[in-house]
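Take a look at the structure set out below.
For clarity, every value in this text was computed on a predicted model and none was experimentally measured. All residue numbers in this chain count up from 1 along the given sequence.
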Amino acid sequence: MTQENMPSSVDLDVVVRQRIRSLRLARGWSLDTLAARCFLSPSTLSRLETGHRRIALDQLVPIARALGTSIDQLVEPIDDTDVVIRPEPQQWPGRTTWILSRDRAVNGVTVAKMRIDPTPPGSDELRVHPGHDWFTVLSGTLRLRLGERTIFVETGDAAEFSTMVPHCLSAHEATTEILTIFDREGERVHLPAGPTPDVEPS
C-alpha cells in the first residue's frame, strides 16, 4: 500500500490481493469484467492481483466499490483474537455456564454450554418467555418439564420448543451437560448477568 494510514505489512498486502481475486472469482468475473467496472486496464488489474504492482489507494477505492465491499473489509488485519473464543465459566447454584458466542452473534442468538447438577423432580420453577429454546445433550440425561409433560432427553438427542409453554430444564440423576441456543429473551431469563448471585433468581 502506498498511502498514509494504509497497512504496510507484507503479509496483509498479500491477503488484500487474495481477497480481491477471491471476490472477483466468487462473482464469476474475468479480469476484463472487473477492470471495466473499476476503470482500470486488465493488465494493471492482473499485476495488482499477482503482486507485480503495488496497490495505491486511488486504485483500491474503485476496486472495493466494484466488488461490493469496503476498503476497511479489504484491508482488515488478520488476527485470531476474533476467531478463537475462550469462555470463562459463570456459576449459579447447581449450574455452570460457558458462553460460546460473542456479543455480536448473528440475529441476537447466544450459544452456551451448560453443566447442570441434579435436583429433585419438581423442585425447579417453571418459566415462560417469548421465543424458542434449542439444546442438545452432550452427556447425561436432561429432564425437560414442558407444561404438564416431563420429557427425558438422552445423550446425543436434541429438543426445540416454544418458550411460551411453561418450562424448566434440570439434570436427571447425574450431572448433565448440554449445548444450547437462546434468543435474546431466552438469554435474559436463563443466563446469569453480572456477578454470581447467592440464590437462584425467580
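With contacts defined as side-chain heavy-atom distances shorter than 4.5 Å, the pair D133/H167 qualifies. Between L169 and T180 there is no side-chain heavy-atom pair separated by less than 4.5 Å. With a 4.5 Å cut-off on side-chain heavy atoms, I20 and L48 do not count as touching.
R17 and R53 get closest at one heavy-atom pair: NH1-O, 2.9 Å. The two residues W98 and P89 make their nearest non-hydrogen contact at NE1-CB, 3.5 Å. The two atoms that bring A64 and S70 nearest to each other are CB-C, 3.9 Å, heavy atoms only. Residues V16 and I55 approach most closely at CG1-CD1, 4.1 Å, considering heavy atoms. Across every non-hydrogen atom of I85 and S101, the tightest pair is CD1-CA, 4.1 Å. When every heavy atom of A66 is checked against every heavy atom of C38, the shortest pair comes out as CB-CB, 4.1 Å.
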Donor-acceptor list for residues 26-33 side chains, cut-off 3.5 Å, not counting sequence neighbours:
residue : atom : partner : partner atom : Å
R27     : NE   : L67     : O            : 3.3
R27     : NH1  : L23     : O            : 3.2
R27     : NH2  : L67     : O            : 2.5
S30     : OG   : D32     : N            : 3.4
S30     : OG   : T33     : N            : 3.2
S30     : OG   : T33     : OG1          : 3.1

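Between the CZ atom of R65 and the CZ atom of F39 there is a distance of 9.0 Å, given to the nearest 0.5 Å. How far NE2 of H52 is from OG of S43: 13.0 Å, rounded to the nearest 0.5 Å. Atom CG of residue L57 and atom CD of residue Q59 lie 9.5 Å apart, to the nearest 0.5 angstrom. To the nearest 0.5 Å, atom CD of residue Q90 and atom OG1 of residue T97 are 6.5 Å apart. If you take CD1 on I63 and CD on E49, they are separated by 8.0 Å, rounding to the nearest 0.5 Å. Rounded to the nearest 0.5 Å, atoms CE (M114) and CZ (R95) are 5.5 Å apart.
The side chain to side chain contact (heavy atoms under 4.5 Å, CB included) check on L25 picks up R21, with sequence neighbours excluded. Evaluation of the side chain to side chain contact (heavy atoms under 4.5 Å, CB included) rule for A36 yields no partner, not counting sequence neighbours. Residues satisfying the side chain to side chain contact (heavy atoms under 4.5 Å, CB included) test with Q18, not counting sequence neighbours, are V14, V15. Not a single side-chain hydrogen bond (donor to acceptor under 3.5 Å, both in side chains) links T150 to another residue, sequence neighbours left out. In this view, T175 and R115, D117, P118 satisfy the side chain to side chain contact (heavy atoms under 4.5 Å, CB included) rule, not counting sequence neighbours. For T136, there are no side-chain hydrogen bond (donor to acceptor under 3.5 Å, both in side chains) partners, not counting sequence neighbours. Listed by chain and number, the residues in a side-chain hydrogen bond (donor to acceptor under 3.5 Å, both in side chains) with S46 amount to none (sequence neighbours excluded).
Follow the hydrophobic side-chain contacts under 4.5 Å out from F161 and you reach V165 in the same cluster. Two different hydrophobic clusters hold F152 and I178 under the rule that ILVMFWY side chains link at heavy-atom gaps under 4.5 Å. Connection of L126 to M164 is not established within any shared hydrophobic cluster, with ILVMFWY side chains joined at heavy-atom distances below 4.5 Å, either directly or through further cluster members.
A donor-acceptor pair is defined here as one N or O able to donate and one able to accept, closer than 3.5 Å; such a pair exists between the side chain of R143 and the backbone of T119. When atom types are taken as modelled, the side chain of T155 and the backbone of G140 share a donor-acceptor pair closer than 3.5 angstrom. In this structure, T176 contributes its side chain and I116 its backbone to no donor-acceptor pair below 3.5 Å.
Residue pairs meeting the salt bridge (Lys or Arg N to Asp or Glu O under 4.0 Å) criterion with at least one partner in residues 149-169, sequence neighbours excluded, are absent.
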